[in-house]
Amino acid sequence: MTPSVQLSNGMQMPLLGLGCWQADDGKDVAVAVEAALLAGYRHIDTAYFYANEADVGRGIKAAIATGKVKRSDIFVTTKLPPIGMRPERVEKYLRKSLKALDLDYIDLYLVHHPVGFEEVDENDNMPLENPGTDKEKVKFDFSTDLIAIWKKMENMVELGLAKTIGISNFNPRQMRKITAIAKIPPTVNQVECHVYFQQKELREACKQHNIAVTAYGPLGSPGRKLFYEKQGKTIELPDLLRNPVVRLVSDKHERSAAQVLLRFITQEGIIVIPKSTNESRIKQNGDIFSFELDEVDRQALRSLDQGVAGTIFKFAEIFPGYEEHPECFF
Ligand code: A2P
C-alpha cells in the first residue's frame, strides 16, 4: 500500500504518483499507466498541456478492466492549461480533460501555471509569434486574473467535476493572494522540487496555509534533454542520479539512486510524481516504501540544496518571454 497524505479537506492523496509529462516519447502511455496501476500506484498525474490525457484514460480503463483496481481507489490529477487562464474558460477546459480521460470527475484539478497564454486555437498549447524563427515567442495573455480564475475553480468543486482543487508553480505571494479570498482553499501546490532545489521557503509557506506540496522533476528530469532535442537544441543538465552523495546513500541501502531521491522527498512529507514509461523503472520507483533513510542520510541529502540556483526547469527557455508576464512566478 502506498502511504498517503491527508489534505486539508480530509481527502487522502497517495505520496507517490506516476508523472506523465513527456510521456509521449514514442512509448505507449496507456501501457505505462496500466503497468503503474497494476504495480500498486494509486495516483496518476497528467495535464491538458501534456496532450496525452486520452492515452492516460485508456490506461486507467485497462487497469480497471482487470478487476484489480477500482476508479474510487485511483487519485487522478489534471491541470488547467495556460490557454485556459480566463474565468469563462475554466469549465470548458476541465470538461475537455474529463472527456479525453473518459472520467466523470477528477480528484485534483490544478491551475497549471500562474501565467496565461492567448487562446488562439483550443488545440494549440503553445500559441507562438514568429514560429520557427529566432524571434519566436509565446503569445502571453497579460490580463491573467488569478482571483477570478480561482472563483471558477471553486465552482468546479461545487459542480462535482473536481473533488479538490489546487495550484502549480505558484510562489508564496501568489499562494497568499488565493488563500486570502478562497471559500474553497487550494489543497496542493505542485512545484519543481528535488535535492538540488529543496524549496525551503515555499514549503514553509505551504505549511502555514495547510497546503500539501507535490514535487515534480524529483529525479532532476533527465528526460528534458528530449524536450530540447525536439527543438533542435542540446543542453547539459545536472545529473542528480550520479551525484556522489546520492551514490553513497544508494550503496549503503543497496537501492538505486532514483529510489534514494524519491525516498528522500517522501520522507520530507512531500508527494512525488516521477515520470517513467519504462515498466521496470516504473516498478523500481514504486518500491520506495520498504526502506527508510536515517537521519545521517537525510542530513547529507539536505546539504545538497542549492536553493534557487539549483532550479532545473528554466521557464524563460521553455516559454520565451515568460518573465515579462506580471504573474511570472520567479
Ligand atoms: P524513462 O521514462 O525512460 O524511465 P522526472 O520525474 O524527474 O522528470 O524524471 C523523469 C525522467 O527520468 C524520464 O526521462 C525517465 O525516463 C527517467 N527515469 C525515471 N525513472 C528512472 C529511474 N528509476 N532511473 C533512471 N531514470 C529514470
Side-chain angles (χ1 to χ4, degrees), residues 2 14-37 39-41 43-47 49-52 55-56 59 77 79 110 112 168-169 190-199 213-231 234-243 246-247 249-251 253-266 268 270-291 293 301 304-306 310-315 317-318:
T2 306
L15 257 182
L16 172 81
L18 180 74
C20 293
W21 183 57
Q22 293 207 131
D24 54 354
D25 46 1
K27 304 274 169 48
D28 194 333
V29 181
V31 171
V33 168
E34 182 184 359
L37 291 170
Y41 287 59
H43 167 190
I44 308 290
D45 182 277
T46 183
F49 189 77
Y50 304 162
N52 60 15
D55 291 332
V56 169
T77 301
K79 312 181 189 91
L110 299 177
H112 202 154
S168 179
N169 298 302
Q190 184 183 124
V191 292
E192 175 182 351
C193 184
H194 44 76
V195 278
Y196 286 177
F197 182 31
Q198 296 185 24
Q199 291 274 21
V213 177
T214 300
Y216 69 72
L219 305 175
S221 199
R224 283 187 63 237
K225 268 188 186 300
L226 193 75
F227 177 83
Y228 284 92
E229 276 164 19
K230 280 183 189 163
Q231 301 173 13
T234 44
I235 51 151
E236 276 311 308
L237 287 175
D239 193 345
L240 279 59
L241 295 166
R242 283 182 207 278
N243 178 283
V246 176
R247 296 300 282 258
V249 179
S250 137
D251 289 346
H253 290 273
E254 298 181 331
R255 295 292 184 142
S256 73
Q259 287 174 314
V260 167
L261 292 171
L262 299 174
R263 190 68 187 116
F264 172 65
I265 301 282
T266 51
E268 298 287 297
I270 300 171
I271 300 146
V272 273
I273 46 166
K275 175 263 168 185
S276 183
T277 40
N278 172 290
E279 195 167 341
S280 83
R281 287 192 285 275
I282 289 173
K283 284 192 179 140
Q284 183 195 120
N285 298 345
D287 179 20
I288 55 165
F289 298 110
S290 52
F291 74 108
L293 301 175
L301 293 164
L304 298 180
D305 189 19
Q306 300 168 15
T311 313
I312 290 175
F313 284 78
K314 312 277 185 207
F315 282 99
E317 287 173 12
I318 301 174

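When a residue number appears, it is its place in the shown sequence, counting from 1. Atoms within each ligand, like the ligands themselves, are counted from 1 in listed order. FYI, side chains are in, hydrogens and waters are out, and symmetry mates aren't considered; it's all heavy atoms of this structure.
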**Message:** Could you check whether any heavy atom of Pro218 sits closer than 4.0 Å to an atom of ligand 1, since that is the contact criterion I want to use?
**Reply:** yes

**Request:** Pick out which of Thr311, Leu240, Val272 makes a side chain to side chain contact (heavy atoms under 4.5 Å, CB included) with His194.
**Result:** Leu240

**Message:** Using a 4.0 Å cut-off to any heavy atom of Gly223, which atoms of ligand 1 qualify?
**Reply:** 11 (C), 14 (O)

**Message:** Below 4.0 Å, non-hydrogen atoms only: which portion of Ile282 touches ligand 1? Side chain, backbone, both or neither.
**Reply:** neither

**Complete:** Tightest non-hydrogen contact, residues Ile270 and Val213, listed as CG2-O, 3.4 Å

**Request:** Below 4.0 angstrom from a heavy atom of Pro274, which ligand 1 atoms are there? Numbered from 1 as shown, please.
**Result:** 6 (O)

**Message:** Could you report the tightest heavy-atom contact between Thr77 and His43, atom names first, then the distance?
**Reply:** OG1-NE2, 3.9 Å

**Prompt:** What residues form a side chain to side chain contact (heavy atoms under 4.5 Å, CB included) with Asn169, not counting sequence neighbours?
**Reply:** His112, His113, Pro114, Tyr216, Phe315, Phe329

**Message:** Tell me every residue that passes side chain to side chain donor-acceptor pair (under 3.5 Å) with Asn243, counting only those two or more places apart in sequence or in another chain.
**Reply:** Tyr196

**Request:** Can you sort out which atoms of ligand 1 are near Pro222, meaning under 4.0 Å from one of its heavy atoms?
**Result:** 9 (O), 11 (C), 12 (O)

**Item:** Side chains of Arg263 and Ser290, donor plus acceptor under 3.5 Å
**Value:** no

**Asked** Nearest heavy-atom pair of Gln199 and Glu192: which atoms, and what distance?
**Response** NE2-O, 2.8 Å

**Prompt:** If you measure from atom 7 (O) of ligand 1 to every heavy atom of Leu219, Leu240, Thr277, which option wins on shortest distance?
**Reply:** Leu219

**Message:** Would Asn278 count as a polar contact of ligand 1, with the cut-off being nitrogen or oxygen pairs under 3.5 Å?
**Reply:** no

**Item:** Atoms in ligand 1 flagged as close to Gly220, the criterion being non-hydrogen separation under 4.0 Å
**Value:** 7 (O)

**Prompt:** Which of the numbered atoms in ligand 1 are below 4.0 angstrom from a heavy atom of Ala258?
**Reply:** 22 (C), 23 (N), 24 (N)

**Asked** Strictly under 4.0 Å, does any heavy atom of Gly217 approach an atom of ligand 1?
**Response** yes

**Request:** Go through the side-chain N and O atoms of Thr46 and Asn52 and say whether any donor and acceptor fall under 3.5 Å apart.
**Result:** yes

**Item:** N or O pair under 3.5 Å between Gln284 and ligand 1
**Value:** yes

**Per-atom contacts, ligand 1 versus Ser221 - under 4.0 Å to a heavy atom** = 5 (P), 7 (O), 8 (O), 9 (O)

